[in-house]
Amino acid sequence: RAGRGRPGAAGLMAGALGLLGSWWQSLRRRGRSSRHAATDPGDAVFAAQMAALDAALPPALSVVGNAQSLLARRDGAQIDARPTIRFNVARTDRPEAQGARWDILATSHSEVLAHWQGAGAPFHTLLFTPYFDLHLPSVAGYHATPVLTLPMRLSIALARDLDARPTTGAQVLWLLDALGREAHVFGFDWKVTPSQGQGARRRDVHNHFRERQVMRRLIDRNGWTLHA
């Protein structure tokens, strides 16, 4: 077990370059968070959505991101030890690293919803995570599983804090903090490595450098475990 998951000099250099790149991209993305409308539907809707989420989500969860760095670890058994939240079209073809359990899908992408509407969903619940009004119609045609909705009020507050569009991963951690849940966080490195199955993006609407700062503070404050 000694040294497992610890990067060498090359890995540290790659990580430093990744953080520098995300910081530089963040400077270019400022102001994009308010390009589209995001409407808070009011106290009653917020209270109802939070009550539904509080009733449905278990006390402790594994939140599994899609960073390629996850594949260098052997966290599968720890991931599968509790209910899991995964994102978009997540992969579980390497269960020793990624785990195999998938309870909840978190996404706001219409193409992801269409994919799982037509495929056999390996999860039992959708956590719909809109941060713009334009996301809302995309869930209307989704009937593959029950749906929970992350309140727009939380997404608006997070976008303001980040001064950018939030990633779905950040929205989920923000929600679990609001609900007082215990989170075990895997596969999050804030684009130090690309997402699994993807190359590095030349353009990105998110501010991963700022997200890393905000989410690390949130993780530390709650005493959550970041497996990285």
Side-chain angles (χ1 to χ4, degrees), residues 1-7 11 14-15 18 53-54 56-109 112-113 115-116 119-129 144-148 150 166-198 206 208 211-212 214-228:
R1 293 173 60 89
R4 186 182 69 176
R6 295 178 183 174
L53 289 158
D54 194 34
L57 296 180
L61 299 107
S62 293
V63 184
V64 188
N66 294 325
Q68 286 186 13
S69 56
L70 179 66
L71 301 179
R73 301 177 57 84
R74 294 296 182 267
D75 291 333
Q78 293 189 66
I79 290 170
D80 289 347
R82 60 191 66 81
T84 61
I85 300 178
R86 299 180 189 266
F87 303 95
N88 300 323
V89 186
R91 299 174 63 174
T92 56
D93 54 313
R94 292 177 56 180
E96 74 283 356
Q98 302 157 321
R101 182 172 179 172
W102 192 350
D103 294 274
I104 300 167
L105 164 69
T107 193
S108 62
H109 295 298
V112 173
L113 296 174
H115 171 82
W116 291 120
F123 47 87
H124 59 69
T125 301
L126 167 66
L127 175 55
F128 182 55
T129 57
T145 66
V147 178
L148 298 167
L150 187 145
T167 65
T168 308
Q171 288 176 280
V172 167
L173 295 181
W174 194 258
L175 170 66
L176 297 181
D177 172 63
L179 291 172
R181 293 306 197 262
E182 175 186 331
H184 296 256
V185 184
F186 303 84
F188 279 63
D189 66 15
W190 294 277
K191 293 300 187 236
V192 171
T193 62
S195 296
Q196 296 168 39
Q198 298 180 3
H206 305 295
H208 299 290
E211 273 203 12
R212 180 180 184 275
V214 173
M215 293 300 112
R216 288 299 297 262
R217 284 202 302 267
L218 186 149
I219 288 166
D220 292 345
R221 186 178 72 236
N222 283 287
W224 295 346
T225 304
L226 175 63
H227 300 261

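As the structure is a computational prediction, the values presented were derived from the model and not from experiment. Quick note: numbers below take in every heavy atom, side chains included, and nothing from hydrogens, waters or symmetry partners.
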Kindly write out the residues that satisfy side-chain contact (heavy atoms from CB on, under 4.5 Å) with Ala121, not counting sequence neighbours, or none if the list is empty. Phe123, Thr145
Closest non-hydrogen atom pair between Ser69 and Thr193, with its separation: N-OG1, 3.2 Å
Can you see which heavy atom on Val64 is nearest to which on Gln98, and at what distance? CG1-O, 4.3 Å
Please examine the side chains of Arg73 and Phe186, heavy atoms only from C-beta on, and report whether any two atoms are closer than 4.5 Å. no
Any idea which heavy atoms bring Pro83 and Ala60 closest together, and the distance? CD-O, 3.7 Å
How far does CD1 of Ile219 sit from CZ of Arg217, to the nearest 0.5 angstrom? 11.5 Å
CZ-OG1 distance between Arg86 and Thr107, expressed to the nearest 0.5 angstrom: 15.0 Å
Can you give me the closest heavy-atom contact between Ala144 and Trp116, atom names plus distance? CB-O, 3.8 Å
I'd like to check Val214 versus Trp174 (side-chain heavy atoms, cut-off strictly below 4.5 Å). Are they in contact? yes
So, do Thr168 and Leu127 sit near enough that their side-chain heavy atoms are less than 4.5 Å apart? no
So, taking the atom named CZ in Phe87 and the one named CD1 in Ile104, what distance separates them when rounded to the nearest 0.5 Å? 10.0 Å
Okay, side chain of Thr84, backbone of Arg101: is any donor-acceptor separation there less than 3.5 Å? yes
Given Asp54 and Arg181, is the side-chain contact (heavy atoms from CB on, under 4.5 Å) satisfied, shown in steps? CA-CA 9 Å; Asp54 194 34; Arg181 293 306 197 262; 2.8 Å; yes
Report yes if some heavy atom in the side chain of Val172 is under 4.5 Å from a heavy atom in the side chain of Leu61; otherwise report no. no
Give a yes or no on whether the backbone of Ala90 and the side-chain of Asn66 come within a donor-acceptor separation of less than 3.5 Å. no
In this structure, CD of Gln78 is separated from NE2 of His227 (nearest 0.5 Å) by 5.0 Å
Rounded to the nearest 0.5 Å, what's the gap from CG on Asp93 to CD on Gln196? Could you check? 7.5 Å
Do Phe188 and Leu173 have side chains that approach each other closer than 4.5 Å (heavy atoms only, starting at C-beta)? yes
Supply the atom-to-atom distance Asp189 CG to Leu226 CG, rounded to the nearest 0.5 angstrom. 9.5 Å
Scanning both residues in full, the closest heavy-atom pair of Ser62 with Arg82 reads OG-CG, 2.9 Å
Does the Arg94 side chain pair with the main chain of Leu71, one donor and one acceptor, at a distance under 3.5 Å? yes
